[in-house]
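Sequence lines set the chain letters: A, B, ... in the order given, protein chains first and strands last, and positions in each chain run from 1.
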Amino acid sequence: MKAGLEVHQQLATGKLFCACPADLTEEVRGSVVRRLRATGGENRAVDPAAAFQAARDLLFRYEIVPSSCLVELDEEPPHALSEAALDVALTMTLLLHARPLDEIVVMRKIVVDGSNTAGFQRTALVGVDGWLEVGGKRHAIPTICLEEDAARKIGESPEGIVYRLDRLGIPLVEIATGPDITAPAEAREVAEEIGMLLRATGRVRRGVGTIREDVNVSIEGGTRVEIKGVQELRLLPRFVEAEDERQHMLLRARDRLTERGARLPPETTVDVAPMLPKGATGLLPDAARKGHAVRALRLPGFGGLLRAPEGGSERLGRELADHARAAGLRGLIHSDELPGYGLDPDAVERLRRELGLAPDDAFVLVTAPDARVAEKALALVRDRALQALEGVPGETRDPLPDGRTRYSRPLPGRDRMYPETDVPPIRIAPGRLAALAKHLPERPEAARARLATEYALGPEVVRQIQRGGAMETFETLVHRGFPAPLVARLLTQDVPIAETEAPAPPAAEIPDDGLAALLNLVADGTIAKEGMLPVLVELRKGARSPLEAVEKAGLATGPSDDLATLAARVVDANAPLIAERGDAAFSPLMGDLMKELRGRRDGQEVASALRAALARHKATAGTSP
Amino acid sequence: MSGPAVPDPWETLRKLPQGRRIELTSADGRTWRGTTVPSHELSGPRMVQIKLENGYNVGVRVEPTDTLAVLPEEPSNGNGADGGTAASAAPEATGLATGPWVALLSTGGTIASRVDYRTGGVRPVNDKAGILAFYPDLERGGPVRVVPVFDRLSEDISPEDWLVLAEHVVKAFAEGARGVVVAHGTDTLAFTAAALSFLIEDLPGPVVVVGAQRSPDRPSSDGFTNLTTAVRIAREAEIGEVVVVMHDGLSDDRFAVHRGTRVRKMHSSRRDAFESRNVVPLGFVDRDQLVWKGAVRPPSKGPVRFDGRLGREGGLLWFYPGLTPTQADAFVTPLRGVVLAGTGLGHVSSVHLPWIRSAIQRGVVVVMTTQCLAGAVDPYVYATGRELLRAGVVYAEDLLPETAYVKLLWALGRSSDPEEIAHLLLTDRAGELSERRVTSGEP
């Protein structure tokens with residue numbers, strides 16, 4: 001297996017071709033509708049991806065926001081390329097030991113899925129032939145590009161796709177690796193290292209969706225498949241693994257099909273609604289009763305190959321279903337998963353007889369209110385089945401939250417870029433590079449070493465701080481006087497846990513000042529370090545101030561807070577238990593006390609107060625009876 | 001002692017035809033491999049632009065110490081210059097047997113183009129078959145006959161060209177066209193529309209002037225929908241006048257039909273740059289529904305006529321603080337008529353009164369319009385206006401400055417008598433003048 005990555009990182013420098021800020025927002029001020037055409041110029045070599053999109057015949061609606069201008073609306077030519085963004089791209093070029101170009105030429109890359117109002121994405125190559133060492137292995141970095149991000153897809157409606165213009169034009173640095181990754185876990189390590197280098201520049205946007213990976217996977221005998229838009233780094237190895245398995249499954253299916261001499265003669269679909277059992281209930285008989293079209297497509301030789309092979313989860317049937325979805329259906333039913341859906345074994349047998357199928361043959365069923373949609377879906381399924389006879393089709397796939405991927409569209413053709421003549425070429429003067437080279441940011445390895453030494457932190461803790469993108473925050477807080485171990489605990493434990501307990505939109509990320517306020521609460525004794533987590537959760541849930549969060553977390557100090565008094569009370573209340581268990585009573589009593597005090601008082605403090613109270617109790621209680 | 005002179009690779013590259021595959025190696029061993037493509041006009045010195053395998057163009061500075069190798073040609077990948085395209089396979093008459101036909105006169109300004117991804121060049125498509133293939137929806141309602149007239153950027157179009165265009169329009173109608181579409185660059189589109197309105201009489205059908213703000217190589221070009229809408233109007237509208245059809249608003253589902261003498265380009269880049277001034281547009285096409293709002297001029301019974309008389313000694317002078325009488329007078333001296341774009345209700349500084357009086361005395365027609373581009377001029381409200389009126393300036397009601405200039409040339413072509421010229425200017429001929437200006441009632 002070979003895999004390569006393309007990492008796309010949003011920059012925090014303002015938009016790439018205009019002076020708008022890079023702000024994602026829910027504030028929509030209106031919208032326009034547009035059509036995009038797959039333009040001539042592709043007279044002969046029609047770009048397959050573009051034709052595919054254009055064939056879907058859609059209208060696009062673009063939502064206008066305060067941070068978008070006429071440039072995003074394609075109503076004004078682009079302004080000059082952002083120098084600040086270019087500096088970041090050049091810095092990355094230097095950090096990755098790559099060669100910067102003498103003159104940057106901005107290109108138009110045709111995109112007709114509507115995500116760019118102009119029908120193309122502006123993109124420029126900035127550096128070439130770099131490398132990065134990860135885990136002792138050198139990975140090639142063939143290209144570093146600077147390009148604009150696309151509009152944000154908000155939803156789909158029968159009218160068409162709705163996009164929001166807030167994200168359009170945000171600069172992306174794209175870093176591509178060579179196909180040097182040979183293990184799923186390695187994909188994550190390489191992506192992480194690149195991510196850390198990007199963050200080291202200090203000019204990148206943070207939060208969910210600000211960094212996205214595309215991963216290209218191919219196996220021996222297979223084809224390059226692109227998985228586009230992975231946002232969760234931890235899932236990256238799973239996608240690579242799943243794709244590896246999927247391609248192997250497809251090659252084995254192809255081999256079996258070849259053995260069987262399977263071929264798909266040209267044929268029409270069959271209307272099977274009349275052949276379904278009249279009295280039965282279930283998806284298929286119900287559809288027939290409602291007057292929906294129920295059509296079948298014969299797949300000679302495909303019997304048993306549509307379900308997952310033994311022990312696997314990737315299956316050809318799902319690939320066919322994903323293509324049926326492109327016609328607007330929710331899926332299909334294939335013969336390997338029958339009986340079911342209202343067809344008992346006899347009904348299935350009858351259907352197979354009527355369709356004239358041999359034991360090794362399979363078939364696929366779709367239902368739709370409109371027969372034309374059913375026909376279109378089966379045409380797409382047939383195309384995909386034809387590809388199965390060859391092996392692994394090259395394609396672009398979408399990553400799904402469960403770790404598998406789904407067919408998205410054909411791989412784009414190669415020749416679909418031409419110069420963006422509205423933007424003149426940009427000469428990179430040697431002086432500019434020299435100035436950037438003098439101020440290169442600290443490399444992640446160096447930063448890790450420095451943190452470990454300066455703050456006496458273990459290497460794993462330092463790595464976690466860095467992986468979480470919290471290096472800067474860590475140093476800021478420590479410089480304000482908070483103890484390094486406490487800050488480390490906050491950033492590597494409490495913050496990540498609070499994020500899972502109270503997921504909140506990016507706008508609610510707690511800023512450094514908020515974290516400092518939290519640490520102050522610990523410093524002045526209002527809460528104990530164990531209290532940071534519940535307070536943080538309340539802050540993420542919307543508490544307007546740290547003190548309000550303390551109250552909401554139930555950690556506000558009450559009148560009965562004298563620790564010694566409290567300890568004495570608990571001890572007195574549990575005299576029989578102490579009499580029974582003696583020293584062994586300490587543990588359950590600690591439990592009771594901490595239940596009341598957790599977060600408000602430090603565990604050590606509580607323990608010594610309890611010990612003191614127990615000692616006093618022992619002394620005053622005299623000898624045990 | 002020296003060896004044979006090594007040719008400067010830059011010199012070799014400059015002479016090489018575009019589209020050659022090369023390998024350029026620097027002294028430190030770095031090799032660039034790709035196809036040469038044309039450089040941008042603003043590229044730096046000794047910069048060659050190369051298209052790499054991955055599709056990106058790069059600018060490489062060629063040093064004298066570089067080594068250049070010109071590689072053998074690759075077999076054509078289908079994007080090359082061979083003439084056989086799907087486009088040329090399309091016959092001229094596309095087999096739509098009957099149906100009223102529309103003439104599409106192309107003046108240049110690129111209504112169709114082809115991108116050669118191998119070199120990155122965008123080439124205009126001017127041949128009839130190519131244009132029809134570029135716009136497959138165009139012949140949905142009936143045939144379209146493409147007539148290339150000339151190939152100019154609209155800022156290069158002159159009054160001479162208006163005459164050539166008018167001739168072609170009349171010829172098309174004489175040959176039986178149901179309507180005529182004129183594809184035109186947007187910069188001077190309104191001038192041409194006004195000129196055609198005055199030059200052609202008794203139109204039996206629509207003349208629809210149309211353009212695009214975004215070039216056709218872009219998938220987002222407004223040209224697609226503009227042209228399709230224009231052809232539809234040419235084929236269906238029961239009107240006998242010159243109109244301009246462009247986007248109304250920024251969405252692709254709404255278009256305005258403007259009277260050709262009432263429209264102006266009011267934004268440098270927006271799709272909806274064209275606005276009717278002092279009137280509402282004649283009609284709209286909204287989500288495919290054609291709705292008329294104004295009083296259209298009905299088709300004439302004919303015959304359509306073209307009066308080719310057009311003066312040239314007319315000018316348009318924008319007034320501004322600091323314009324000196326000497327400058328203005330020098331501008332007007334060779335002219336028989338001048339349109340002033342005055343301020344407000346039609347004013348210029350009183351320092352200009354002397355040269356204006358002399359010019360009028362020697363027979364120059366001086367016409368006043370407002371640079372506000374909306375509203376009418378009125379000489380009675382302020383003293384300056386009254387003075388200018390007394391001097392003999394012709395106050396041209398609510399004519400746009402540009403429309404007034406075109407009408408002035410037209411009038412100068414028909415008469416040399418200043419009074420008659422003034423009379424012609426103030427008599428409505430193609431809907432360019434109105435007696436009433438109303439509000440729509442909308443806030």
Side-chain angles (χ1 to χ4, degrees), chain A residues 31-47 50 54 59-62 64 70 73-77 99 101-112 116-120 123-125 128-129 142-143 145 413-419 421 423-428, chain B residues 30 32 37-44 47 49 51-61 77-79 82 84-87 112-123 125 130 133-135 213-214 216-221 224-225 249-253 267-273:
Chain A
S31 65
V32 299
V33 292
R34 294 281 171 78
R35 295 184 186 281
L36 292 179
R37 303 275 287 261
T39 46
E42 288 127 359
N43 270 336
R44 294 188 14 107
V46 180
D47 181 81
L59 204 63
F60 303 108
R61 182 170 288 278
Y62 296 101
I64 300 166
L70 292 183
L73 275 167
D74 188 44
E75 293 295 345
E76 189 177 297
R99 184 188 186 103
L101 301 191
D102 295 329
E103 204 172 71
I104 311 270
V105 180
V106 181
M107 306 293 287
R108 293 180 186 162
K109 185 193 274 190
I110 296 288
V111 169
V112 286
N116 291 79
T117 45
F120 53 76
T123 172
L125 185 58
V128 295
D129 290 352
T143 59
C145 295
R414 273 183 16 175
D415 299 325
R416 54 184 196 126
M417 279 207 278
Y418 65 109
T421 43
V423 180
I426 301 133
R427 173 100 173 89
I428 305 297
Chain B
R30 186 20 171 111
W32 295 98
V37 290
S39 288
H40 195 280
E41 291 119 323
L42 300 174
S43 242
M47 283 291 180
Q49 208 171 105
K51 191 174 203 42
L52 304 178
E53 284 292 306
N54 61 19
Y56 279 98
N57 287 15
V58 297
V60 181
R61 189 175 158 85
N77 67 353
N79 239 348
D82 69 323
T85 65
S113 64
R114 182 177 296 136
V115 181
D116 181 347
Y117 290 120
R118 207 165 53 90
T119 61
V122 177
R123 274 184 259 292
V125 165
F134 196 78
Y135 295 97
Q213 285 279 63
R214 302 254 99 58
D217 56 283
R218 302 164 203 250
S220 63
S221 174
F224 296 110
T225 45
L250 301 181
S251 291
D252 282 344
D253 58 0
H267 196 282
S268 62
S269 58
R270 278 172 63 136
R271 280 161 175 66
D272 60 351

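Between chain A and the residues L42(B), L250(B), D272(B), the largest count of heavy-atom pairs under 4.5 Å involves L250(B). Interface summary for chain B: among E103(A), M107(A), K109(A), R61(A), the most heavy-atom pairs under 4.5 angstrom belong to E103(A). With chain A as the partner, the residue from T225(B), V60(B), L52(B) showing the most heavy-atom pairs under 4.5 Å is V60(B).
In this structure, R61(B) and R427(A) have side chains that are in contact, with non-hydrogen atoms separated by less than 4.5 Å.
Of the atoms belonging to D129(A), it is side-chain heavy atoms, and not backbone ones, that fall under 4.5 Å from chain B. Heavy-atom distances place the side chain of R214(B), and not its backbone, under 4.5 Å from chain A. With a threshold of 4.5 angstrom between heavy atoms, Q49(B) approaches chain A through side-chain atoms but not through N, CA, C or O. Interface residue P77(A): backbone and side-chain heavy atoms are both found under 4.5 Å from chain B. Proximity to chain B involves both the backbone and the side chain of T123(A), based on heavy atoms less than 4.5 angstrom apart.
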E75(A) and H267(B): CA distance, side-chain angles, deciding distance, side-chain contact (heavy atoms from CB on, under 4.5 Å) verdict: CA-CA 10 Å; E75(A) 293 295 345; H267(B) 196 282; over 6 Å; no
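Residues forming a side-chain hydrogen bond (donor to acceptor under 3.5 Å, both in side chains) with D74(A) (at least two apart in sequence, or on another chain): S220(B), R271(B). For D253(B), there are no side-chain hydrogen bond (donor to acceptor under 3.5 Å, both in side chains) partners, not counting sequence neighbours.
Nearest approach of A118(A) to P219(B), heavy atoms of both residues: O-CD, 3.6 Å.
When each of V105(A), I104(A), L101(A) is tested with I426(A) by the rule side chain to side chain contact (heavy atoms under 4.5 Å, CB included), just one qualifies, namely I104(A).
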